[in-house]
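Heads up: the structure comes next, in structure tokens.
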Number of protein chains: 2
Amino acid sequence: MVTVKEIAAAAGVSPSVVSAVLHGSRHVRMSEATRALVLAKVEELGYTTNFAARSLRTARSGVLAVVAPKLSNPVFTPMLDGIHDAAEERGYVIMLAEAMRLVDGSRMLERILGHGQVDGTILRPNADLDSTGVRSVLQREAPVVVLDEVPDRAQPWLAIDDAGAARVATEHLLELGHTRIGFLGGWLGPHATFRPREGFRHINLRRLDGYQAALRAAGIEPRDEDVIESDYAASAGRAAVERLVALRDRPTAFVVNNATTSVGVVAGAIAAGLRVPDDLAVVAIHDIDVLADVTPTISAVRMPMYELGHAGATLLAQAIEGETISSHVLTSPPPELRRRETT
Amino acid sequence: MVTVKEIAAAAGVSPSVVSAVLHGSRHVRMSEATRALVLAKVEELGYTTNFAARSLRTARSGVLAVVAPKLSNPVFTPMLDGIHDAAEERGYVIMLAEAMRLVDGSRMLERILGHGQVDGTILRPNADLDSTGVRSVLQREAPVVVLDEVPDRAQPWLAIDDAGAARVATEHLLELGHTRIGFLGGWLGPHATFRPREGFRHINLRRLDGYQAALRAAGIEPRDEDVIESDYAASAGRAAVERLVALRDRPTAFVVNNATTSVGVVAGAIAAGLRVPDDLAVVAIHDIDVLADVTPTISAVRMPMYELGHAGATLLAQAIEGETISSHVLTSPPPELRRRETT
DNA sequence: CTGAAAGCGCTTACAG
DNA sequence: CTGAAAGCGCTTACAG
């Protein structure tokens, strides 16, 4: 490989000058002719920076780690796109670990988060990422920005307005005249192992809060039996609906906590002979492309996942670069209702 | 940070011994007591390897780059999972670039593929990744494994049996008694800019080959007008069906070249008042979760994308480690029909 | 203003 | 068998 030293020799200058030309550093000033000559030699000899050497010297790698549960969940792809774009804007590249794919005793996380490898980490934790896994990430000395949850420690975090999203969904159903509205999907209890900071609640609990607040604001007392827990698979939504139709007394509409689950809920309702939306109305939290493509199309609250990823990566870059940053709930854009055929 | 030198001092040995203990190197042999002492000091002082230094010294980074068009396409997530798992098994980590998200003049690709940054690259090209982008990847001196396409140059590649998948789909429709079968989706002409090696054809053309071969084997001459090009969006499938119903003379079944498109095709057929599968039968190439969740559920040929990613990353690791490798079409598992309600 | 020299932390070929 | 020393390629504080 061509090195700085070789470029320097070819151009008849010192390595310092080559380095300065390459970085536009103003510390070392050189004539325009020298600059042009160095650049010509760089081109001619095909010099490219050795990033390992630069990292060692500067103690900066220019790499951000992204640790997320599972990319096959379509809810996360816009978030990853946002991280990707923000990283590119700021000159970083991305290293990836899907936490739920890491087998027991995996060294991949250590390998990625190891000293000198990445400048910081974006962590989107989830209930299945056990606390030791989360803790190992949070204990790194490199900055960590936590998305979607509010950590116990001093790490910066960024969340979206989950309570607001559930409120928007519930209010939409209230406006349509529903008075018996259920909340379906996600684990609310012991499976939510991530321990948030005092005074904050787990993502699913925040959504439950928004749902209940909207009901109460309409003068309706929330019922515990209308809250149905499940995992996020479409089959879980389907199974929940099948149990539901056996009941005489049941909600006429559901806020479904997850886009994938909502596809199963609608399929289950149709299979059970219910008309959608007449017999059962559905609004999903999280909009994904396929909701606008299926029959019937599914109403959803669009969550700013792209923006969350973009803002999170930007926040991380700022933390790495020593700027002061502030954790907060993203308020713009707000969760947005997209009404379709299921309401 | 704690360094090898500090561990050496604390344990009263030389850095060589610490390095040897850390790597189980047999070149330097030490007593069990020394080994234990070094390990104890590593634990006590919290030593972690500085990967930048190791990379500089060994000229190996332990990082694989993954360059793919767009992760929001659910067809690619299992492939990424396969790459992820194979990387983990072999002790590598992954760096990611979504080629279609890279803005013009982006330096991200250079930054990732730069010298010293990654040991090799897995490239899944596509029609939208223009040839200069592809070429810049293919010209790296670090090994590149091309997935799903057969490159022009000497790079190793790995593909799946696209012709076979289209054949399986077409034969299924033939067995059901259809004699007028169309092929819908994907660009077959000028948009397929990736120039494959002599004697090989672009992925969509390979599928077209399989479709036509199955028809001919059944004594049916393929008709050009039954091949409908489009992009991969569901809306494109929908639009294609809307045009179709205006025709008196039309196919009674379609092989749809893409899972997402098939969702649109089915939605479009229902919207146009066609009964599925009676008036129009549909088989998608590529199976994704949602096809089993929608109403009606959509028949599909499952492509071994996970296996493609896994085998591709394994091949790349082997190339990096100097093993001899051979490019080939993955034959196991073969494309597998999953019959559902649209046929 | 410019260049020589040091040093980031690691691994390994080499001398003892 | 063990340790001291060199050197990967870069950047930057420092001497001239």
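Throughout, protein chains are lettered first and strands after them, A, B, ... in sequence-line order, and every chain is numbered starting at 1.
- One interatomic measurement links the two molecules: CG of A/Asn50 to P of C/dC8, which rounds to 18 Å at whole-angstrom precision.
- Rounded to whole Å, the distance from CD on A/Gln117 to P on C/dG9 is 16 Å.
- Residue B/Ser14 is the one, among B/Ser14 and A/Thr58, whose nearest nucleotide of DNA chain D lies closer to the 5' end (criterion: closest heavy atom).
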For A/Leu96 and A/Leu80, run side-chain contact (heavy atoms from CB on, under 4.5 Å): C-alpha distance rounded to whole Å, both residues' side-chain angles, the deciding distance at 0.1 Å, then the answer.
-> CA-CA 10 Å; A/Leu96 194 71; A/Leu80 186 61; 4.1 Å; yes
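- Closest to the side chain of A/Val4, from the set C/dC10, D/dC10, C/dT11, is D/dC10.
- The interatomic distance linking A/Ile7 (CD1) with D/dG9 (C1') rounds to 13 Å, in whole Å.
- Atom CG in B/Leu22 sits about 15 Å away from atom P in C/dG9, given to the nearest Å.
- Pairing for C/dC1 goes to D/dG16, judged as Watson-Crick or G-U wobble with the two contacts each under 3.5 Å.
- Taking atom NZ of residue A/Lys5 and atom C1' of nucleotide C/dG7, one finds them 14 Å apart after rounding to whole Å.
- Closest to the side chain of B/Ser16, out of D/dG3, C/dG3, C/dT11, is D/dG3.
- Atom pair B/Arg57:CZ and D/dA5:C1' shows a separation of 11 Å (rounding to whole Å applied).
- Side-chain proximity of B/Leu56 to C/dT11, C/dG9, D/dC10: nearest is C/dG9.
- The same atom, C1', is picked in C/dG9 and in D/dC14; the two are 22 Å apart, to the nearest Å.
- The number of heavy-atom neighbours closer than 6.0 Å to CD of B/Glu323, taken from other residues, nucleotides and ligands shown, is above 12.
- A/Arg111 forms a cation-pi arrangement with B/Phe51, by the criterion of a distance under 6.0 Å to the ring centre and an angle within 45° of the ring axis.
- Residue B/Ile94 forms a side-chain contact (heavy atoms from CB on, under 4.5 Å) with just one option from B/Ile122, B/Val118, B/Val66, and that option is B/Val66.
- Residue B/Arg60 contributes atom CZ, which lies 16 Å from atom C1' of C/dC10 at whole-angstrom precision.
- When distances run from any side-chain atom of B/Ala53 to the nucleotides C/dA4, C/dC10, D/dA4, the shortest one goes to C/dC10.
- Nucleotides D/dG7 and C/dG16 have their P atoms positioned 16 Å apart, rounded to a whole Å.
- Spacing between atom CG of B/Leu45 and atom C1' of C/dG9 amounts to 16 Å, rounded to whole angstrom units.
- When the nucleotides D/dG9, D/dT12, C/dC10 are ranked by their closest atom to the side chain of B/Arg54, C/dC10 comes out on top.
- Within the 4.0 Å cut-off from OP1 or OP2 of C/dT11, at least one side-chain nitrogen or oxygen of B/Ser19 is found.
- With C/dG9, D/dT12, D/dG9 as the candidates, the nucleotide lying closest to the side chain of B/Thr3 is C/dG9.
- Remark: the B/His310 side chain and the B/Glu89 side chain contain an N/O donor-acceptor pair separated by less than 3.5 Å.
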